[in-house]
Amino acid sequence: MTISIIPKPQSMTVGEGVFSITAETIIVAADEAVPVAELLASLLRTATGYDLPIQAEGEGGIQLILDEGSPSEEYALNVTPEQVTLSATAPVGLFRGMQTLRQLLPVAIENDKATEAAWDIPSVQIEDAPRFGWRGIHLDVGRHFFDVEFVKQFIDVMALYKYNIFHWHLTEDQGWRIEIKKYPKLTAIGSKRKETPLPADRHTGDGEPYSGFYTQDEVREVVAYAADRHITVIPEIEMPGHALAALAAYPELGCVGEGYEVWTIWGISKDVFCAGKEAVFTFLEDVLTEVLDLFPSEIIHIGGDECPKDRWEVCPDCQARMKEEGLADEHELQSYFIQRMEKWLNAQGRQIVGWDEILEGGLAPNATVMSWRGSQGGIDAANAGHDVVMTPNTNCYLDYYQSEDLDSQPPAIGGYVSLKRAYEFQPIPEDIDPEKAHHVLGGQGNVWTEYIPTTDQVMYMTYPRALALAEVMWSYPEDRDYVDFRTRVDAHYPRLGKLGVNYCELDDDPI
Ligand code: ACM
Ligand code: ZN
């Protein structure tokens with residue numbers, strides 16, 4: 001029996017024989033282990049047709065055990081022909097271990113109806129824990145909108161590969177996607193655009209009105225669904241740039257104050273939130289007040305990337321602000337903006353993360369930096385003692401082409417990140433002082449969706465590269481081997497297929 005677990009566990013010994021799940025198998029779990037047992041039972045029910053009972057006590061079967069100790073994602077899985085023992089110090093560890101157990105079962109486990117498969121689990125002894133505490137995937141729902149049903153499926157597949165962060169990019173120039181009760185025009189106006197550029201030709205519109213947003217009830221539903229799968233949802237509310245949809249709804253928040261439309265092209269809009277007008281900060285605090293109520297995550301993403309300074313340079317309010325605050329240039333004005341929002345969010349008990357441009361003009365004191373323009377921003381921030389999340393476009397941008405044979409692929413934004421290149425991602429580059437390496441919280445794959453109009457294409461761009469990133473963020477460099485990984489990926493294609501994931505399988509994926 002070939003074992004193909006992704007991400008690769010820290011340590012695994014294969015024993016003799018198998019544990020067979022039958023109609024008589026019991027699941028033993030008590031107290032806080034019960035929700036994980038219920039998820040396991042439901043997975044087994046749909047696949048095997050067996051309705052396995054969950055009991056608080058009993059011998060044999062599948063035992064989910066919560067040990068004493070500080071809560072963590074660490075788990076131990078011991079399978080013998082007599083019993084499966086999954087133990088951890090917290091439900092999150094049991095949940096991660098359950099994903100390993102799932103991957104030890106036949107691929108048919110991912111099916112949604114009973115099959116005739118033999119439900120054998122090979123005897124193994126696994127001890128496992130992640131290298132990093134931030135293992136994320138980002139999804140841009142601004143350029144294209146994906147409904148709650150899909151977002152849940154996306155989260156489900158992330159859970160199988162032990163991801164723990166879903167970074168939800170909710171606001172953009174091309175659409176505001178989250179209901180804010182105090183500002184109804186954000187969705188009434190800001191969630192709609194007149195048309196969308198054609199995928200193969202970024203200069204021509206398709207003439208089709210486009211819209212979509214999540215109600216607050218839907219957001220709550222997604223956050224709860226993710227929490228049940230031990231995934232934290234980090235919302236991103238972009239500022240000061242990528243704000244055109246908000247300006248279309250509330251023009252008074254821009255420097256010019258009129259003439260804005262939700263964008264119908266891709267790129268970087270010069271129209272951004274005005275940094276001089278007090279109304280902008282009141283607005284953002286009000287918006288974030290509702291956002292904080294929806295998202296329990298301690299960390300909130302405030303964007304911060306790609307904010308052209310053209311409007312600020314000629315805006316009397318922005319210039320007056322610079323004078324009043326003694327700011328030397330517009331980069332310092334951006335820094336003022338972010339630091340002011342950080343101070344407010346810190347006072348609400350939250351922390352900020354922002355794209356690496358927040359380093360320009362002076363970094364907010366408690367900010368975490370998300371390094372995307374390569375790794376340099378992350379290196380500089382970590383060496384300066386800031387926490388960082390590594391998501392360099394060179395390895396982590398899942399909107400880039402995954403094949404060099406561009407004609408074989410749907411139109412993409414450009415770039416090239418092969419499966420192998422994703423696997424070569426080093427979250428802690430050599431230029432980080434070893435004493436500062438602990439500031440690297442982890443990494444994530446980013447799915448920007450300018451060229452990704454459908455849910456099938458989201459999956460196509462995400463998988464299998466997200467398997468490579470999952471392994472990189474879970475395991476240590478000395479334990480990684482691309483050829484071995486690539487072989488395991490082959491075993492996951494049918495699993496992904498059973499889950500309805502439209503993965504990309506390339507003949508030219510170099511081994
Ligand atoms: C980014 O890709 N603009 C963060
Ligand atoms: Zn201004």
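Start at 1 and go down the list; that is how both ligands and their atoms are numbered.
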(message) Applying side chain to side chain donor-acceptor pair (under 3.5 Å) as the test, list every pair that has at least one member in residues 369-384; sequence neighbours left out.
(response) Asp356-Arg373, Glu357-Trp372, Glu360-Arg373, Gln376-Asp380

(message) Quick check on the 6.0 Å ring-centre criterion: do Phe145 and Phe213 meet it?
(response) no

(message) At less than 4.0 angstrom from any atom of ligand 1, which residues have a non-hydrogen atom? List them by chain and residue number.
(response) Asp305, Glu306, Trp355, Trp372, Tyr397, Trp448

Classify the ring geometry between [X] and [Y] as parallel (under 30°), tilted (30 to 60°) or perpendicular (over 60°).
X	Y	result
Phe281	Tyr336	perpendicular
Tyr210	His144	perpendicular
Trp448	His169	perpendicular

(message) To 10 degrees, how wide is the angle SG (Cys315) to the Zn ion (ligand 2) to SG (Cys274)?
(response) 110°

(request) Take the Zn ion (ligand 2) as the vertex and measure to SG of Cys255 and SG of Cys318; round to 10°. (result) 110°

(message) Could you tell me if the side chain of Ile452 sits less than 4.5 Å from the side chain of Val447, heavy atoms only?
(response) yes

(request) Scan His242, His138, His167 and name whichever one has a side-chain hydrogen bond (donor to acceptor under 3.5 Å, both in side chains) with Glu236. (result) His167

